[in-house]
Structures are given as C-alpha cells and as structure tokens.
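The structure appears right after this line, and notes come after that.
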Amino acid sequence: SGPTYRRLWQRIVGAALFALLATSFLLVPLGSGLVLDDTTQEYYNFLVNNRNIIITAAIAYALLDILTLKTPKKKDKD
C-alpha cells in the first residue's frame, strides 16, 4: 500500500537509525533519571556531546530515504 524495503539490511538500518534518533531526542530526560557507572557515563557523554550531529544526520538520511524509496508497482491481473 506504500513504499517498502526489499532487503532485510535496509529494514535493519532504518530501524536502528530511527531508534538512535528517538534516543537522541530523549537523552537529557533519560540521563537525569538514570544512575550511570563510569563506562556508561562515557557513552552517555559522547552521545550528549554529539547529539545535534546525530539528529541532523538521522533526519538527513530519513529525507534521502523518503525521496529515493520507490513504491512497488502493482502487477496486472489479466
């Protein structure tokens, strides 16, 4: 009924980037509610410091994906 991915890797990449985008939007509220140890604090700080870049790249990829994804053609039943 609409554009679809044909390959599994496309679905996985799209889902992973969508999850990363959602996490980037929620980093500050998540960080204030969680107690982080040293290792996870380093990952959290990296994500917070690069939050704007991650969001910009994910939205750019989503727009590119929308513009290049084709709707499958219906097969004629003759």
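Distance check, rounded to the nearest 0.5 Å: CZ of Phe25 to CG of Leu20 gives 10.5 Å. In this structure, CG on Leu27 lies 7.5 Å from CD1 on Ile55, to the nearest 0.5 angstrom.
In this structure, Asn45 contributes its side chain and Gln41 its backbone to a donor-acceptor pair below 3.5 Å. Checking side-chain atoms of Thr56 against main-chain N and O of Ile53 turns up no donor-acceptor pair under 3.5 Å.
Both Leu47 and Leu34 are part of a single hydrophobic cluster, where members link through side-chain heavy atoms under 4.5 Å apart. Both Phe46 and Val48 sit in one connected hydrophobic cluster of ILVMFWY residues. Membership requires side-chain heavy atoms under 4.5 Å apart, directly or through other members.
Just one residue in the list Val28, Thr23, Leu30 forms a side chain to side chain contact (heavy atoms under 4.5 Å, CB included) with Leu26, and that residue is Leu30.
No side-chain heavy atom of Thr40 sits under 4.5 Å from any side-chain heavy atom of Tyr44.
Nearest heavy atom pair, residue Ile59 against residue Leu21, reads CG1-CD1, 4.3 Å.
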